[in-house]
Every structure is written in structure tokens, then in C-alpha cells.
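Everything below concerns the one structure shown next.
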Amino acid sequence: MRPDRRSLIAAAAVLPWIGSAARAGTEAGTLAALADPARPDTVMGVGVIARDGAGRVVLEEAHGSGRLTVGGSLRTRPFTLDTPMRIASVTKLVAITALMTLVEAGRLSLDDDAGDLAGFRLRHPDHPDIRITPAMLASHTSSLRNGPSYPVPLGHHLAEAFTAGGRHFDDGGWFAPASEPPGFFAYADVNFAVLAQIAERVSGERFDRFLKRTTLDPLGLYSGLNWSGVPDSVRARASAACRPVDGVWEPQVDGEVAPAPAIRVTTPAETPGLTADDYVPGENGFVFSPQGGLRASVRDLDRLARSYAGHDGVPKMVARETIERMSAPLWTWDPAAPNGDPDRGLLQSYGLSVHILTGREGDAFLGPDSRDWRGHFGIAYGLQSGLFWNRRDGRTLTYMISGTPRDGEGLSGARSAAAPWEELIFDAALAAFAGRG
């Protein structure tokens, strides 16, 4: 379960300890070494599960630590496969899966006018004749961007970000420049706030409850958006997402987790005492953080990945045909006629909230058959996560990193646009798939 020696040497420019060990002729770079605090540029904690196409575990490891404030004191505890954290943008994959249950039921179409469904006019001011659809929102081709007052807090309406004169309109800051009309790919969290609001207005349920009922409960998962529905026994195992501050891992989110049934929400300065119980479904899709707020463990992500891959004995959240529809490209990077922001080559094709690997330079981080892999990354507050499955042979890979030594946003590894510590995870998984290590 180790990367090959050539990859280790190549990675030396980013993680120096890998290169020195490789030059010494040893196969360093194991997952344990990745979370070894005695080495420079290592992560706080890491957990990985990889399975073959039959669902058999080929790699299952957790190393390093997590952090959580208990009784007013920040405590260190081992990071495990059952440690729940805020998993960041992998949430988007689960969120769209929940929405697709409404599509399967014929209650909405991905080609409808998203504004009509969300309850307010949604058109780019410079391209008012182009209808923005749920499919565009889910594929980040809507022309929406995260505005300066992101996220719209509880007690305010999402419509105020898109209505001229609204207190969150931000001089149109939620829309792309005129040169990037609908159809242009640019990753933006706000798309999923609109989708969540659509789901609430169509289903009549709060999005946290809707997502739990349609995706998490069928799989028997004690996970939830912003800790919604997560029992105290699970919250007690949590870890904050951390970044190093003056050489010490400091919590960036979830440093302290309130007891159940409390739900974490962003409140406005004028009414800080608002809680989730004050929310009216259909007013503000940001409230339960559909863009990144799912709290889950590596083992939970593994269960989700197995469902996406169609493993026997694992309940299905949606039909196989729906997974295939989600996994089909709605946008693909065209370097000859730039049609989006490919993030250094990391994001070169995208479906309905599904990252589609092309196998081209930049995104071939899962080996020669990278083009057969689907899934999603998560990165925020020092955490990095991933959930991937191979649509051809059913292999799966899930992982979480509880804290990274540097901000992974925009930081590439030695052989792809993925972060260097993620490349070590991919290498370990590929070796395990091949029966090595």
C-alpha cells in the first residue's frame, strides 16, 4: 500500500520528507508517515477506505489525530474511520442525489426555469433572455458566483441576493461578468443554495430533513447537514477541521459541537438568537449548508460510495439510470476555445454535481483508467475529502484529512493538479487495487 519509488521522488518538491526517504532507497510515503508529526509538511489526521469491484476492502487505514473542545478544553484524540467532520463539497454530490428523487418522481424537470421553481426571478442581468435551469446550477454553468455577502444568513431571504435593491444584492456581485454567460463553467457554492431552495419548495420539507430522508436514512447513516439529526453518541466522536497556527493545529470549524438536537446555522448580526426552528422552508437555501455542511465519517462516505457504485447488498438512493445521468458530462473543458475555469486541470469535465475525470494532464490522478472514475472532492477549513467510484468495474475510494499543513486550494502535486497529500492517498489506493504493498 505504498506509492512507487518514481512517484515518491517526483513529490519531493512539495513534501521534502518523501524525497529524502525515496533517495535513500526506502519506500516511504505510507499513510502512517503522511500523518507523522515528526515529519515536516504532514497532515493532522488521515483515513482511507478502498474497495475492489466486488465490494471487498483492499485498503482501510486511519492515522494521526483529531481535535475537539470538550468541557472548555481543546483535546487531541486519535483520528479514526468513524470520526465525523464537516466534509465540505462532497456534500454537493449527496445534495443533488436527494434532488434527483424529485426528478425521478416527476415533480420537477432539470430543464425548468430555476427562478420559477425557487420563487424569484433568476436571470443574468447581461443575458436576461437565457433561462437558468437546475441542470445549469448542478453543473456550475449557471453564471452565478458567490457574492460578497455569502452566505445569506438565517432570517433573510435568498431572493435578496438576486433582486436589485435587495440587502444582499451586492451590486450584482452574485452574477458572473458579462463575458461568462450561462454555459460557462465556474465552480460556485451558491448554485446549491438555489437547488436546496427548489427542493424545499417542491417537497415542502426543510432541506436538512429532506436530504436525510431520501439519502442518509436508506443507507442507515447517522450523518446530517450542520449536525441535523446526528445523535450525541456520534457528535462525541467528532473532530474540528484544523489548520496550523504558529505550529499548533487550531480548529477552523466545529471546534466545539453543541449537544443534540442543536443545528449549526449562520445568523445575522441583528438577530443572533435565531435557530433552525425559526426557519420557514423555501425562504433561504443556504441555511443548512447544502454546498458543504454534511457531517460524516470516512466510513459513512464509504457507504455512500458503495451505493453510487452499485455494490450488491447496499441500498440504492436512486435508480442506476439516475446515477448514470448524473455521471454524464454536461460540461467539458475546451482548451482551444476556453469555456470555463478548469482549476489548473483538476476540473476538466462535470456532470450533475459529479466530477468526471478525463484522464488528461491534470486530472489523471487515479491511474491509466482515470477516465472511468466519478465522484467529488471536498476542501474547506483545512479539511480535504474525496468520494470516488469507478463506473466500469465498481471500485471505490473514500478518504478524509482532518487538517492540512498548507491550504490545498490551488496547490498541485507532482503528477496532477490534486494536492500532494491526496496524491499519496491515490498512490496507496492504486497500489492496493493492484495487490501490492
Side-chain angles (χ1 to χ4, degrees), residues 85-103 110 114 118 132-142 144-146 150-152 158 185-200 207-208 210-212 214-216 219 221 223-226 228 241 253 284-296 300-301 304-305 307-308 317-318 322-323 325-331 340-341 343 346-357 363 373-381 383-389 398-400 408-409:
M85 296 186 67
R86 184 186 187 276
I87 65 168
S89 287
V90 175
T91 303
K92 294 181 175 72
L93 175 60
V94 185
I96 195 63
T97 306
L99 186 81
M100 293 302 287
T101 64
L102 296 175
V103 175
L110 295 176
I132 296 173
T133 68
M136 290 177 174
L137 295 168
S139 59
H140 298 282
T141 57
S142 65
L144 302 188
R145 302 291 183 269
N146 295 336
Y150 166 96
V152 177
L158 182 61
F185 177 87
Y187 196 90
D189 290 342
V190 63
N191 290 298
F192 283 77
V194 181
L195 287 169
Q197 182 152 318
I198 289 171
E200 289 184 340
F207 192 70
D208 59 327
F210 172 72
L211 179 140
K212 182 172 177 57
T214 56
T215 62
L216 305 177
L219 296 180
L221 300 181
S223 308
L225 291 170
N226 289 358
S228 175
V253 68
N284 181 0
F286 267 123
V287 169
F288 300 104
S289 303
Q291 75 279 13
L294 184 63
R295 270 58 173 188
D300 295 333
L301 297 186
L304 286 160
S307 184
Y308 288 118
M317 297 173 284
V318 290
T322 297
I323 300 296
R325 182 179 183 185
M326 291 166 53
S327 303
L330 291 180
W331 170 85
D341 177 7
D343 190 9
L346 185 68
L347 293 172
Q348 299 192 50
S349 190
Y350 207 81
L352 293 170
S353 193
V354 174
H355 183 179
I356 299 166
L357 277 61
D363 75 355
W373 287 84
R374 304 289 185 268
H376 215 287
F377 284 109
I379 177 170
Y381 302 111
L383 167 135
Q384 290 197 232
S385 61
L387 185 164
F388 293 94
W389 72 95
T398 55
Y399 63 88
M400 282 168 41
E409 196 89 42

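In this structure the side chain of Leu347 never reaches within 4.5 angstrom of the side chain of Asp363, judged on heavy atoms. Side-chain contact between Leu221 and Leu304 is present, with at least one heavy-atom pair separated by less than 4.5 Å. Leu352 has its side chain within reach of Leu110: a pair of non-hydrogen atoms, C-beta onward, lies under 4.5 Å apart. Residues Thr101 and Phe210 form a side-chain contact, since some pair of their non-hydrogen atoms from C-beta on lies under 4.5 Å apart. With a 4.5 Å cut-off on side-chain heavy atoms, Lys212 and Leu225 do not count as touching. In this structure the side chain of Pro290 never reaches within 4.5 angstrom of the side chain of Leu195, judged on heavy atoms.
Ring geometry, His376 versus Tyr187: the interplanar angle falls from 30° to 60°, so the pair is classed tilted.
Remark: the backbone N or O of Ala138 is not paired with any side-chain donor or acceptor of Asn191 at under 3.5 angstrom. No donor-acceptor pair closer than 3.5 Å links the side chain of Ser228 to the backbone N or O of Gly224. For Thr133 (side chain) and Met136 (main-chain N/O), a donor-acceptor pair under 3.5 Å exists by modelled atom type. Here the side chain of Gln384 pairs no donor or acceptor atom with the backbone of Ile379 at under 3.5 angstrom. Without hydrogens or angle criteria, Thr398 side chain to Gly386 main chain gives no donor-acceptor distance under 3.5 Å. Although no hydrogens or angles enter the test, the distance criterion places no donor-acceptor pair under 3.5 Å between the side chain of Ser142 and the main chain of Ile132. At distances below 3.5 Å, at least one donor-acceptor pair connects side-chain atoms of Asn284 with backbone N or O atoms of Val152.
With sequence neighbours excluded, the residues forming a ring pair (Phe, Tyr, Trp, His ring centres under 6.0 Å) with Phe192 are His140, listed by chain and number. For Arg325, there are no salt bridge (charged side-chain N to carboxylate O under 4.0 Å, His left out) partners two or more places apart in sequence or in a different chain. Phe377 is linked by a ring pair (Phe, Tyr, Trp, His ring centres under 6.0 Å) to His355, Phe365, Phe388, counting only residues two or more places apart in sequence or in another chain. Residues passing the side-chain contact (heavy atoms from CB on, under 4.5 Å) test with Thr215, sequence neighbours excluded: Val94, Thr97, Ala98, Leu211, Met317. Residues forming a salt bridge (charged side-chain N to carboxylate O under 4.0 Å, His left out) with Asp208 (at least two apart in sequence, or on another chain): Arg206. Arg295 meets the salt bridge (charged side-chain N to carboxylate O under 4.0 Å, His left out) test with Asp254; sequence neighbours excluded.
Atoms OG1 and CE, on Thr322 and Met100 in that order, are 5.0 Å from each other to the nearest 0.5 Å. Here Tyr308 contributes atom OH and Trp389 contributes atom CH2; the two are 6.5 Å apart, rounded to the nearest 0.5 Å. Here Leu294 contributes atom CG and Ile87 contributes atom CD1; the two are 4.0 Å apart, rounded to the nearest 0.5 Å. Here the CG-CG distance, from Leu301 to Leu387, works out to 5.5 Å after rounding to the nearest 0.5 Å. Once rounded to the nearest 0.5 Å, the distance linking OG of Ser385 with CE of Met85 reads 9.0 Å. Between the CG atom in Leu93 and the CZ atom in Arg374 there is a gap of 12.5 Å [rounded to 0.5 Å].
Between Ala135 and Leu330, the closest heavy-atom pair is O-CD1, 4.0 Å. The shortest heavy-atom contact between Ile356 and Gly351 is CD1-N, 3.6 Å. The minimum heavy-atom distance linking Gln291 with Tyr150 is given by the pair NE2-OH, 3.2 Å. Heavy-atom minimum distance, Gly292 versus Thr91: C-OG1, 3.2 Å. Smallest separation of non-hydrogen atoms from Leu216 and Ser223: CD1-O, 3.4 Å.
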Evaluate side chain to side chain contact (heavy atoms under 4.5 Å, CB included) for Ser307 paired with Leu219, printing each intermediate quantity in order.
CA-CA 8 Å; Ser307 184; Leu219 296 180; 4.0 Å; yes
